[in-house]
Amino acid sequence: MKYHFNEIETKWQKYWFDNQTFKADNNSDKPKFYVLDMFPYPSGAGLHVGHPLGYIASDIYARYMRHKGYNVLHPMGYDSFGLPAEQYAIQTGQHPAETTEENIKTYRRQLDQIGFSFDWSREVRTSDPNYYKWTQWIFIQLFESYYCNDADQARPISELEEVFVIEGNSRINAATDEDIEIFFEEDWKSYSEKEKQEILAKYRLTYLSDTEVNWCPALGTVLANDEIVNGVSERGGHPVVRKKMKQWSMRITAYAQRLLDGLDKIDWPQPLKDSQINWIGRSEGAMVKFPILSFPKGEEKADSKNQDKRSPGYMTGGNNSHLLIEKAQEMRNNPTPAEDALWQSLKAKNLDVKFRRQHLIDDFIVDFVCLTKKLIIEVDGKIHDSKQEQDQKRTDILNKLGYTVIRFRNEEVFGNMDTVLSEIKKNLESSIIPPSGARGIEVFTTRPDTIFGVSFMTLAPEHELVSEITTHEYKEAVEKYVEATAKRSERDRMADVKTISGQFTGAYVEHPFIEGKKIPVWIGDYVLASYGTGAVMAVPCGDQRDYDFAKHFDIEIPNIFQDIDISENACEDKSAVIANSDFISGMPAKKAIKRIIYELEQKGIGKGKINYRLRDAVFSRQRYWGEPFPVYYKDGMPQMIDAKYLPLRLPEVEKYLPTEDGKPPLGNAEVWAWNSIENRVVSNEKIDNKIVFPLELNTMPGWAGSSWYFNRYMDAQNTEEFAGKEALNYWKDVDLYIGGSEHATGHLLYSRFWQKFLFDKGLLPVEEYAKKLINQGMILGTSAFIYRWEYENGESDKAKKIIFVSKTKMESIIKERESIENSKRGVIGEHVDLVNVSKNTSSDKWSHFTPIHADVSFVNASNELDIAAFKNWRPEYKDAEFVLEDGKFIVGREVEKMSKSKYNVVNPDDICIDYGADTLRMYEMFLGPLEQAKPWNTAGITGVHGFLKKLWKLYHTGENDTFHVDSSPLEKSGGALKILHKTIKKVDEDIANFSFNTSVSSFMIAVNELIALKCDKRDILEPLAILISPYAPHIAEELWNKLGNDGSISTADFPIFEEKYLVESTKNYPISFNGKFRFTMELSLDLSKEEIEKVVMAHEKTKQYLAGRTPKKVIIVPGKIVNIVG
RNA sequence: GCGGGCGUGGUGAAAUUGGUAGACACGCUAGAUUUAGGAUCUAGUGCCUCACGGUGUGAAGGUUCGAGUCCUUUCGCCCGCACCA
């Protein structure tokens, strides 16, 4: 009986479907095992032969684990929101849902045909409202949460509101926007509802913010960085501008450390971990604040009498100075009687120091301050009795900034000015803190130990302080520079690393440890606004970029390294000893860093800080085909739709393009407003901003739905929860996840973030969702090229025939041409005559060959082109001429990514028809290691197909090749048993190591050997069928059935390896001389070293190879090798 | 520049702890069989050499009785990040 794979495969696929063979139960006595594949985006092109590679591997694993007695969850679904369906909709008007539905049907048919053991009852589709309902729900949970750094977990936002009412935000340690300001309970109470919401947004784990995006007006959409090439759109080459847009962001940065720490707990490939580590980009260092010495507005009056002799003042105000400065002026002009009295006294008494009144310190207006001594004097009226607590907080903050605050009551000032003054004097004496303002430039540095080597400071041109600190003199130059950099795209700036550019601002900061040392502040585009604080302390002797900058602009380069020459290059070596650095001189970097951080913290001007490269993730897309946000806008502020009313379904639109005024496609929807009373979507006409409000027009990005789908599989039909507690606790996490490494810093990072968040909320039992992950390598295509002869020398190409030249011939023409070139004969070779091309007599202008992709389906295994098929492919090739070699046309081959445009796609459907699914499965595994990229070559498939035929034959040794096994008990002859157990052992090990390619080999070896033995024993062939069943399930089911078993083979117990069948009594020892193998000797394994030596030395070949010499040494490793040295 | 991975026949690749390099296949060669084959079977196939033998895992060193495997240097290819302070 022949191996009719098509019949067998259809039969068993139907059986599995009818019997729900692979439906997993959420309740079982068996241990659980969860095998997951990355679900595909169902594209219109269908699956090619590369896609199922990972699915086959995971299916083998899942089937193997079922044999091993596990309750296996092996689901599949579709990541069905996405761009191609939307673009197709723009072109054709067909609803993306319809296209997607069609594509899914194709996918399902293709997947079924390969015989996967998926539990389809748990299928998920991200575009299904029953699914995205829960994606929206998770979004709401994120909105209602903030990240508490003290508890190191996400907490409800309502907690914050409770604290704000009682004591403001000064004691909250949370992950927030950078520009968070301190406020007190009175402030909170005085804020409007909108202001409160604006503040809370800075804490929420998802928030709206103005984000710079790449806007392409011609395409009417935002583009991702990788969709832009050389400043224009990849598609169509339209210009792209940077534009600020209100976008949803995810505060993934809150989880940076935990995302890093979690990697230690999971068995994922190291390269993938490395790229996540790299992406998160943790660096340890310090924040240092350099006080600004400048001529800021207001301060420059300090010495207005003599413009040339202006001395720098200290900018001590905080970030809100611009709001407070007028008020301070007003207060200066209208002092209270007590303030006025004290002011007069302070001026009159010569205290040797300068006092300022109503001065800005951070975001406070203090009554009097001596900046050089950092002493603040406050004069309070009665009103302050009721505000003591608030005053204390203000004092605390000022103390933190290094100021001493002393407080007098109005009565004291009027009653006894002398006592007040002597008190002030006393404080001035004791205070020896050097001057420093609250206003300063903060920098992040990983090398705080090099702080004494700072000779300038560089700000990113976009830094917010640039406009404030630039002096009059440099204003024009700075503005010009800022404008010039703004014009260049981020990409240009990054690509152009070599050009050094920058501009001095005229401003100075003061060195934190060297009193009075002025450090010039520059701007330069080598500093990125988006990393750290957007400012660097430049240490030219310790950083090459700073060094180059300093050299270029002729800035001093102080050397702070002991015995290191920095005349040519900076020294970035951390092992250098610090010198010329006051209290850290002589220390190695590590110690110096510790000390500096300690000192910075003591002085309140800096602290140890861990900085991350990771940015918050922009979560808005200006697309139609994605999850709608469950958000409407009231007074411009986002409001969440109550979870009860989810899903918020995608509205119908007429056009899938953005609107003419640049709104996202959902702006075309006519019924897209939220009635907050009836809690339903209503027509836009009803918007009154009282009850009916506009809905969000953006949709969620592709990674929203894929960030939690693995949890949904555990309880895919649940309508009450995103997944039930019981199911979640049973399946817990993925035991094996297989997918591509291209998702390393996308899906695989975002999904870990969501998992951790949901874990924090107590909604999930584990913090990492996938214990083990394998990246399958890409299967590459083998493109076929044919070589087109290109005419030159001015003759009209169009009039000429299209001529293709067979590969070897083409190569020999080129070779010949080279030799002609070399000999400068200028005569063309005979091959050109053969193709009737007029001879080129000028040797400097050769015609040449252009390789053209030919569809691989026109090419056979011997690289011969089916010329007739090729001519029919394209009308322009109809009359083409072909120059053959030995009567054949041979194509060139090259390995490339499999893609439609390269005509090298191999369809699994064709393989299944020609060779069967079992052959496809085994061949894909046989190609090479799972994790490695490898080219597809259909020609090689015959080896695996032949193997399956041999396997079939092994069970069909009856008359006329009918099914036959010998069920009589096995005789003693251990040969077959040894083969079986050797194979069991190998397959067990290989599956444990995900080395599927080698187990296919061992099956081949086993079958070859069993055929040689003419083995027909049931005791061998039955376990063999189970062994092969994970790899080739259809043929295994058929054989299992023929062996007389009922039901599916899929849960048959996997054969158990027994060592006893492999025990050998002898070993064929390799005998080496000086490490060189010469011959073998069959010896008993019972022999001792001495006995082996004796036998080997007595062997005549040994004598022959020794040729009379006496060996110096004989190495004997029992059971392994004999090596004779001498 | 930084981080990671990989270099073994004509091709895809094997080689648990260092112990007979190239298993298993493809391809190729020869033969058998068949009306024919892209079917089946047999034998051979790293390279050099008629052979004896020599040589061989990108290259060069080293450790070792013994190295594809360990160490150092170096070259090439691929992937990720990229002025990250």
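Side chains are part of it too, since the values below use all heavy atoms of this structure and drop only hydrogens, waters and symmetry mates. Values in this document were obtained by computation on a predicted structure and should not be read as measured data. Order of the sequence lines fixes the chain letters, A, B, ..., with proteins taken first and strands second; residue numbering starts at 1 for each chain.
If you measure from atom CG of D961(A) to atom C1' of rA39(B), you get 14 Å, rounded to the nearest angstrom. Put simply, CE on M1004(A) is 13 Å from C1' on rA14(B), counting in whole angstrom units. Rounded to whole Å, the distance from NZ on K1101(A) to P on rG53(B) is 10 Å. Rounding to whole angstrom units, CE of residue M457(A) and P of rA85(B) are separated by 16 Å. To the nearest angstrom, P of rA13(B) lies 14 Å from CH2 of W936(A). Straight-line distance from the CG atom of D525(A) to the P atom of rC84(B): 13 Å, rounded to whole Å. Here rA23(B) presents its P atom at 14 Å from CD of E1009(A), a figure rounded to the nearest Å. Between the P atom of rG1(B) and the OH atom of Y526(A) lies a distance of 20 Å, rounded to the nearest Å.
Nearest to the side-chain atoms of I1121(A) among the listed nucleotides rC24(B), rA13(B), rG19(B) stands rG19(B). Considering only the side chain of K985(A), rU16(B) comes nearest among rU16(B), rU17(B), rG4(B). Relative to the side chain of R545(A), the nucleotides rC65(B), rC24(B), rC84(B) differ in distance, and rC84(B) lies closest. In the set rG80(B), rA39(B), rA82(B), the nucleotide with an atom closest to the side chain of K949(A) is rA39(B). Comparing rG3(B), rU20(B), rG66(B) by their nearest atom to the side chain of D274(A) picks out rG3(B). Nearest nucleotide to the side chain of F1077(A), out of rG12(B), rU17(B), rA21(B): rA21(B). Counting only heavy atoms from C-beta on, T998(A) has its side chain closest to rA14(B) among rU20(B), rA85(B), rA14(B). In this structure, the nucleotide among rC24(B), rC84(B), rU20(B) sitting nearest to the side chain of N1008(A) is rC24(B). Relative to the side chain of K950(A), the nucleotides rA14(B), rC41(B), rC24(B) differ in distance, and rC41(B) lies closest. The nucleotide whose nearest atom lies closest to any side-chain atom of N278(A) is, among rG4(B), rG66(B), rC81(B), rC81(B).
Partner assigned to rC84(B) is none, using Watson-Crick or G-U wobble distances below 3.5 angstrom. Under the Watson-Crick and G-U wobble criteria, each requiring two contacts below 3.5 Å, nucleotide rU8(B) is left unpaired. Across the strands present, rG3(B) finds its partner in rC79(B); the criterion is a Watson-Crick or G-U wobble pair with both atom distances under 3.5 angstrom. Pair assignment for rG18(B): none, as no Watson-Crick or G-U wobble contacts are both less than 3.5 Å. Using the Watson-Crick or G-U wobble rule with both distances under 3.5 Å, rC70(B) pairs with rG62(B). rA32(B) is paired with rU40(B) under the Watson-Crick or G-U wobble criterion, all donor-acceptor distances under 3.5 Å.
When heavy atoms are screened at a 4.0 angstrom cut-off, Q544(A) is found touching no nucleic acid atom at all. Within 4.0 Å (heavy atoms only), T942(A) reaches sugar-phosphate atoms of the nucleic acid but no base atom. As judged by a 4.0 angstrom heavy-atom cut-off over every strand, V1117(A) is placed among the base-contacting residues.
For the OP1/OP2 pair of rC84(B) and a distance below 4.0 Å, the side-chain nitrogens and oxygens of S530(A) include no atom meeting the criterion. Between R1078(A) and rG54(B) there is a side-chain polar atom (N or O) within less than 4.0 angstrom of OP1 or OP2. For the pair N997(A) and rA23(B), the criterion of a side-chain N or O lying under 4.0 Å from OP1 or OP2 is not met. For R615(A) and rC84(B), the shortest distance from a side-chain N or O to OP1 or OP2 is not below 4.0 Å. Contact annotation: Q932(A) side-chain N/O to rA13(B) OP1/OP2 distance is under 4.0 Å.
Atom P of rA67(B) sits at a distance of 34 Å from the matching atom of rC26(B), rounded to the whole Å. Across the P atoms, rU74(B) and rG3(B) are found 14 Å apart, a figure rounded to whole Å. Taking the P atoms as reference points, rC28(B) lies 27 Å from rG7(B), given to the whole Å. The same atom, P, is picked in rU57(B) and in rC47(B); the two are 15 Å apart, to the nearest Å. rU17(B) and rC70(B) are spaced 12 Å apart, taking the C1' atom of each and rounding to whole Å. For the P atoms, the distance linking rA32(B) with rC78(B) amounts to 48 Å, nearest Å. The same atom, C1', is picked in rG46(B) and in rU20(B); the two are 16 Å apart, to the nearest Å. Spacing between rG68(B) and rU55(B) at atom C1', rounded to whole Å, works out to 16 Å.
Ion pairing between K978(A) and E1064(A) holds under the 4.0 Å rule for side-chain N and carboxylate O. Between E1009(A) and K982(A) a salt bridge is recorded (basic side-chain N to carboxylate O distance below 4.0 Å).
Neither side chain, Y481(A) nor T505(A), offers a donor N or O lying under 3.5 Å from an acceptor on the other. Side-chain contact, T1066(A) with E1082(A): a donor N or O sits under 3.5 Å from an acceptor N or O. Judged purely by distance below 3.5 Å, without hydrogens or angles, the side chains of S1002(A) and S999(A) never pair a donor atom with an acceptor atom.
The two residues G440(A) and L465(A) make their nearest non-hydrogen contact at O-CD1, 3.9 Å.
At distances below 3.5 Å, not a single donor-acceptor pair connects side-chain atoms of H981(A) with backbone N or O atoms of F1057(A). In terms of modelled atom types and a separation under 3.5 Å, the side chain of H747(A) and the main chain of H743(A) share no donor-acceptor contact.
rG4(B) takes the anti form, because its glycosidic angle lies more than 90° either side of 0.
Between F5(A) and Y915(A), the gap from one ring centroid to the other reaches at least 6.0 Å.
Residue order along RNA chain B, read from the 5' end via each residue's closest nucleotide, puts P935(A) first among P935(A) and S1072(A). When the nearest nucleotides of RNA chain B are assigned to E989(A) and I941(A) by heavy-atom distance, the more 5′-ward of the two goes with E989(A).
No N or O donor and acceptor, one from the side chain of K1076(A) and one from the base of rU55(B), sit under 3.5 Å apart.
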